A.B. asks: 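Can you keep this structure in mind? I'll have questions shortly.
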Amino acid sequence: MVPDVAGIDKRFDYLAPPDTPVGALVRVTLNGRRVGAWVVDVDVDPPADVALRQVNKVSGLGPAADVIEVAEWAAWRWAGRLTSLLRSASPAVVVRGLPPPAAAERLPVTAPALPAGGRTVLRLAPAADVYPVVLAAAATGDALVLAPSVDQAGLLAMRLRRARVPVALVPRDWARAAAGGSVVVGARAAAWAPAPGLSAVIVLDAHDEVYQEERTPTWNAWQVAAERARRAAVPCVLVTPCPTLEQERWAADVVVPSRAQERAGWAALEVVDRRKEDPRSGLFSDRLVTLLRGGGRVACILNRKGRAKLLACAACGELARCERCDASVESVEAARLHCRRCGLDRPVVCQACGSQRLKLLRLGVSRVAEELAALAGEPVAEVTADTADLPANRVLVGTEALLHRLDAVDVVAFLDFDQELLAPRYRAGEQALALLARASRLVGGRGSGRVLVQTRAPAHEVLDAALHADPGRLAAVEGERRQALGLPPFAALALVSGEAAPVFVDALSADTAVEVLGPDDGRWLVRAPDHAALADALSRTARPAGRLRVEVDPLRF
DNA sequence: CGGACAAGCTGA
DNA sequence: CAGCTTGTCCGG
């Protein structure tokens with residue numbers, strides 16, 4: 001068994017009641033402590049020199065043998081601890097027994113056949129309905145269907161139930177999924193859901209970054225689900241309007257709709273070249289003003305991430321500056337202000353009045369809302385990540401998070417798309433196209449609403465791809481660039497940080513299978529030709545004591 | 001991780 | 001040398 005204790009990544013042998021299955025969750029006494037544990041193997045040959053203890057209690061059911069094996073693979077692939085993955089694969093509440101499997105009678109599904117072959121990317125335009133693909137998967141038997149959010153998974157489950165398809169919506173219906181006979185539907189963590197009779201895997205909006213876990217190990221749900229499909233020898237279909245380069249490379253087959261179909265599902269893009277606009281109009285082009293006044297619901301997107309954030313005293317309004325060089329300072333921790341220019345740290349206190357309360361000035365954003373309101377002739381609501389309820393205003397302004405709060409709008413306007421296009425992340429292009437895909441879906445594709453993009457780079461390949469409703473145009477350019485720079489998917493990367501990092505990378509740099517770059521800001525980048533080489537090198541390098549974070553497939557570095 | 005135990009430091 | 005801290009090891 002594997003104990004559920006952080007810091008112990010090791011197996012121990014215990015005596016368990018007869019018929020205890022692999023995957024059982026048990027309580028054991030380990031070194032005088034009562035801890036939970038997963039039974040990952042039975043009928044083992046224990047080492048001769050240890051006296052075995054009895055497990056204290058069999059508490060319930062956990063991940064079955066096939067899922068445990070995938071968890072072991074993922075621990076290698078993402079250089080993480082098995083326990084953290086087994087936790088993701090375990091039910092949220094104790095499961096003592098399974099309900100009877102769903103009735104075997106299957107609906108007469110009238111659905112198109114699932115693409116033949118094991119590894120398929122199905123490029124479907126943003127506004128296209130994915131439901132027929134899900135139905136096709138349901139017709140194969142116990143399919144596993146992943147959606148990017150819990151809400152979308154819930155809606156999909158409801159739609160399937162209405163069509164009389166037996167559905168297990170995980171994590172809620174974990175036991176029903178484990179019993180078999182149902183289509184298993186869920187969000188990211190559903191990649192680990194039980195699916196004893198797995199017949200197919202479908203990942204919806206597979207390009208979405210929410211499928212990657214942020215905490216280490218940084219496993220990715222589409223890759224975990226694809227690995228399960230591979231092991232079960234069943235088809236895996238990634239459905240997305242804009243496949244990532246990794247996904248195109250993974251696929252044995254990329255199914256592309258007809259030009260007409262794909263064009264119909266992408267919004268007609270209106271690109272405003274900000275270089276040709278009157279500079280006095282700032283973020284508000286004539287075209288934007290026309291759309292604002294044209295009626296219908298308008299979502300204005302302004303990404304303020306990465307912008308200069310200024311701190312000011314909440315009492316006297318004085319700006320917080322560096323004592324040494326007078327630059328603005330940022331708040332890195334609760335009790336500390338940091339100067340990026342000269343590196344000086346100082347406590348959080350106003351230099352003018354001594355107050356310890358500072359507030360964040362989000363430069364210009366309130367003014368953007370005010371100016372939009374003036375132009376629209378009505379109040380404009382600002383939506384931030386912590387806006388609880390979506391305001392009823394016709395015109396909304398917010399970050400890209402706003403795109404995920406809305407179901408349908410008439411106009412999406414990206415006020416400054418260069419923030420997205422030129423972000424210093426190697427996936428910026430793909431991410432920017434994904435935003436345009438999302439916007440296209442919200443306005444309902446070509447001929448419905450409008451997507452407006454204000455930019456100083458109107459010829460950028462992301463805009464070219466969206467204008468032509470052809471994500472392949474971005475992939476071609478992006479693929480060449482990544483290959484030239486040695487970036488994924490033409491290499492495998494890991495970011496290593498933490499107090500123990502220097503010792504760890506020192507040992508790693510002796511390994512000829514990988515290349516160690518850095519440090520940059522206390523973090524090293526480890527590069528290998530492929531993931532097998534990277535994972536092997538990371539797993540054969542001894543981990544020193546102390547905090548060590550190994551982030552495989554870093555989204556930014 | 002957290003308990004056990006050993007080795008090292010301090011003060012009387 | 002007791003009393004305490006710090007480090008290392010190990011769990012079935």
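Predicted model only: the values in this text are computed from it and were never measured. The chains referred to below are lettered A, B, ... by the order of the sequence lines, with proteins before strands, and numbering in each begins at 1.
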A.B. asks: With a 4.0 Å cut-off, would you call A:R77 and A:D553 a salt bridge?
C.D. replies: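 Salt bridge: yes.
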A.B. asks: What contact category does A:R33 fall into here, base, sugar-phosphate, or nothing, at under 4.0 angstrom with non-hydrogen atoms?
C.D. replies: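 Base, at least one base atom sits under 4.0 Å.
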A.B. asks: May I have the distance from A:D13 (atom CG) to C:dG11 (atom C1'), rounded to whole angstrom?
C.D. replies: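 Answer to the nearest Å: 12 Å.
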A.B. asks: Using a heavy-atom cut-off of 4.0 Å across all strands, would you classify A:I8 as base, sugar-phosphate, or nothing?
C.D. replies: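 Result for A:I8 = base.
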A.B. asks: What is the separation between atom CG on A:D45 and atom P on C:dG12, rounded to the nearest whole Å?
C.D. replies: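 After rounding, the reported distance stands at 19 Å.
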A.B. asks: Grab the CG-P distance between A:N56 and C:dG12 for me, whole Å please.
C.D. replies: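 Result: 12 Å.
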A.B. asks: Any side-chain donor-acceptor pair under 3.5 Å between A:N56 and A:T29?
C.D. replies: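 There is such a pair between these side chains.
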A.B. asks: What integer distance in Å separates A:R34:CZ from B:dG2:P?
C.D. replies: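 Roughly 18 Å, once rounded to whole Å.
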A.B. asks: Rounded to whole angstroms, how far apart are CG on A:L30 and P on C:dG12?
C.D. replies: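 After rounding, the gap between these two atoms is 6 Å.
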A.B. asks: For C:dG12, take OP1 and OP2 only and decide whether either is under 4.0 Å from a side-chain N or O of A:K10.
C.D. replies: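 Looking at the OP1 and OP2 atoms of C:dG12, neither is under 4.0 Å from any side-chain N or O of A:K10.
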A.B. asks: Closest approach to the side chain of A:N31, judged atom by atom: which nucleotide of C:dG12, B:dC1, B:dG2 is it?
C.D. replies: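 The nucleotide sitting nearest to the side chain is B:dG2.
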A.B. asks: Reckon A:P47 touches a base, only the sugar-phosphate, or nothing at all at heavy-atom distances under 4.0 Å?
C.D. replies: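 Base, at least one base atom sits under 4.0 Å.
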A.B. asks: With a 4.0 Å cut-off on heavy atoms, is A:A51 in touch with a base, just the backbone sugar-phosphate, or nothing at all?
C.D. replies: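 A:A51: backbone/sugar contact only, no base atoms under 4.0 Å.
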A.B. asks: Go through the steps to decide whether A:R427 and A:E209 satisfy the test side-chain contact (heavy atoms from CB on, under 4.5 Å), and finish with yes or no.
C.D. replies: CA-CA 10 Å; A:R427 290 175 191 272; A:E209 283 187 357; 4.0 Å; yes
A.B. asks: Can a side-chain donor-acceptor contact be found between A:D208 and A:W222 if the only test is distance below 3.5 angstrom?
C.D. replies: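 Looking only at side-chain atoms, A:D208 and A:W222 do not form any donor-acceptor pair under 3.5 Å.
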A.B. asks: Atom CG of A:D41 and atom P of C:dG12: how far apart are they, to the nearest Å?
C.D. replies: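 One finds 19 Å between P of C:dG12 and CG of A:D41, rounded.
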A.B. asks: Measure the distance from CG on A:D9 to P on C:dG12 and round it to the nearest whole Å.
C.D. replies: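 Rounding to the nearest Å, CG of A:D9 and P of C:dG12 are 17 Å apart.
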A.B. asks: Name the atoms and distances for all side-chain donor-acceptor pairs under 3.5 Å in residues 169-180 of chain A, with sequence neighbours left out.
C.D. replies:
{"from": "A:D173", "atom 1": "OD2", "to": "A:L169", "atom 2": "N", "distance (Å)": "2.8"}
{"from": "A:R176", "atom 1": "NH1", "to": "A:V167", "atom 2": "O", "distance (Å)": "2.9"}

A.B. asks: What is the separation between atom CG on A:D43 and atom P on C:dG12, rounded to the nearest whole Å?
C.D. replies: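 After rounding, the gap between these two atoms is 21 Å.
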